Amino acid sequence: MAAARASAPGKVILFGEHAVVYGEPAIAVALSLRTEVIVKEGGDQHRVNGAPLSPYHHAYIKDAIDGLWKGGPLDVRTDSRIPSASGLGSSAALSVATVGALLQLQGRFAEELVAREAYNAEVSAQKGRGSPTDTSTASHGHAVLVDGQKRDGLLWDVQRGERRWYLHHLDVPPLTLVVGHTGVRGRTADEVAKVARFVKRTGFAREVIRDLGRVARSAIPLLARQDKPALGQRMDEAHNLLRILGVSHPRLDELCDAARKHAYGAKLTGSGGGGSMIALTDQPEACAAAIRKRGGTPFTVQLGGPGVSASSW
Ligand code: PMV
């Protein structure tokens with residue numbers, strides 16, 4: 001019986017969450033935390049970690065299998081170091097690793113194809129959510145600049161409805177971030193839908209989206225120069241704009257305030273409404289302690305690292 005394994009990294013969004021859904025740029029960076037998926041042919045029905053495949057519990061895996069697999073039953077095993085519902089890209093890493101393992105099993109594994117198929121699987125599992133940021137970052141690794149227009153370092157482009165996103169490679173500086181998880185479950189689809197209602201109704205919300213894009217754009221040269229004070233200031237600015245957009249949470253604001261005493265800047269990361277914040281710091285221990293003192297769960301991460309990898313036997 002054939003078997004394949006694939007592994008994919010989690011990510012943080014440094015700048016541009018939510019605005020990227022409307023064609024503004026976003027910068028996402030892969031993490032050293034990864035998810036591994038093993039698929040083996042065999043058995044009487046599809047199973048995930050020993051239990052029958054459930055459309056409710058295993059939506060991402062089911063949508064990947066439905067989209068890519070015409071063969072017999074599969075035994076799927078998952079192992080993730082990425083905390084779930086934390087804004088660290090655990091669902092995208094699971095989609096990417098599952099798609100990677102399925103394509104490897106068919107002898108069709110390639111980074112770009114994994115990114116495309118994983119995005120399709122995520123869109124269908126999340127009932128039409130936003131951008132290909134997470135799935136492309138989990139596929140490519142390193143850092144990815146997502147933009148509504150083509151720039152240097154183009155990897156691929158993805159179209160959905162009227163939107164087209166261009167995904168680019170960015171070099172990642174060796175930065176340390178402290179992530180603070182609020183313990184509050186943020187639901188990406190709900191937050192994206194909330195912003196969509198706001199954007200539809202008011203020109204003000206569209207202006208905030210444009211401001212978020214401006215902040216993300218201004219961060220690109222700062223990242224290349226590793227200008228941490230200026231990057232931190234942009235992070236604070238982005239957090240305020242996201243707060244105005246209605247996607248922060250009192251716990252996120254508190255953890256950002258606590259972290260800022262030991263950091264260049266701090267902001268929520270990902271869809272918000274709970275989930276996690278990130279702080280850019282040279283004092284990870286002090287920053288983590290401040291987050292813990294305010295009831296958050298901190299962990300220190302190094303930015304960068306490889307994208308999806310696969311093997312079979
Ligand atoms: O919560 P996350 O890490 O899945 O990030 C969502 C990012 C959004 O911009 C809010 C939505 C998207 O698909 O880009």
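Atoms considered below: every heavy atom in the structure, side chains included; atoms not considered: hydrogens, waters and symmetry mates. Bear in mind that the values here come from a model prediction, so they are computed numbers and not experimental data. When a ligand or atom number is given, it counts from 1 through the structure's own listing order.
- Closest approach of Val172 and Ala143 over heavy atoms only: CG2-N, 3.6 Å.
- The atoms of ligand 1 that sit less than 4.0 Å from any heavy atom of Ile13 are 5 (O), 7 (C).
- For residues 272-297, the side-chain hydrogen bond (donor to acceptor under 3.5 Å, both in side chains) pairs, not counting sequence neighbours, are Lys228-Asp282, Tyr264-Asp282.
- For ligand 1, the atoms sitting less than 4.0 Å from at least one non-hydrogen atom of Val20 are 9 (O), 14 (O), numbered in the order shown with element in parentheses.
- The pair Asp190-Lys194 does not count as a salt bridge, with every side-chain nitrogen at least 4.0 angstrom from each carboxylate oxygen.
- If you number the atoms of ligand 1 from 1 as listed, the ones under 4.0 Å from a heavy atom of Glu17 come out as 9 (O).
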**Request:** Report the C-alpha distance between Val144 and His169 in whole Å, list the side-chain angles of each, state the deciding distance to 0.1 Å, and finish with yes or no for side chain to side chain contact (heavy atoms under 4.5 Å, CB included).
**Result:** CA-CA 5 Å; Val144 169; His169 168 86; over 6 Å; no
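- Among residue pairs with one or both ends in residues 16-32, those qualifying as side-chain hydrogen bond (donor to acceptor under 3.5 Å, both in side chains) are Glu17-Lys267, Glu24-Arg217; sequence neighbours excluded.
- Counting heavy atoms under 4.0 Å from ligand 1, residue Lys11 touches it through the side chain alone.
- Using a 4.0 Å cut-off between heavy atoms, Thr269 makes no contact with ligand 1 at all.
- Of the candidates Val247, Val192, Asp134, the one placing a heavy atom closest to atom 4 (O) of ligand 1 is Asp134.
- Taking distance alone, with nitrogen or oxygen atoms compared against 3.5 Å, Ser131 approaches ligand 1 more closely than that limit.
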**Message:** Let's go through Lys150 and Asp152 carefully: what are the C-alpha distance in whole Å and the side-chain angles of both, what is the deciding distance for salt bridge (charged side-chain N to carboxylate O under 4.0 Å, His left out) to 0.1 Å, and is it a yes or a no?
**Reply:** CA-CA 7 Å; Lys150 228 185 262 185; Asp152 289 347; over 6 Å; no
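- Residues Ile278 and Met235 share a closest heavy-atom pair of O-CE, 3.7 Å.
- Interface of His18 with ligand 1, defined as ligand atoms under 4.0 Å from a residue heavy atom, comprises 8 (C), 9 (O), 10 (C).
- Atoms of ligand 1 found under 4.0 Å from any heavy atom of Gly270, numbered from 1 in the order shown, are 1 (O), 2 (P), 3 (O), 5 (O).
- With a 4.0 Å cut-off on non-hydrogen atoms, Leu88 does not touch ligand 1 at all.
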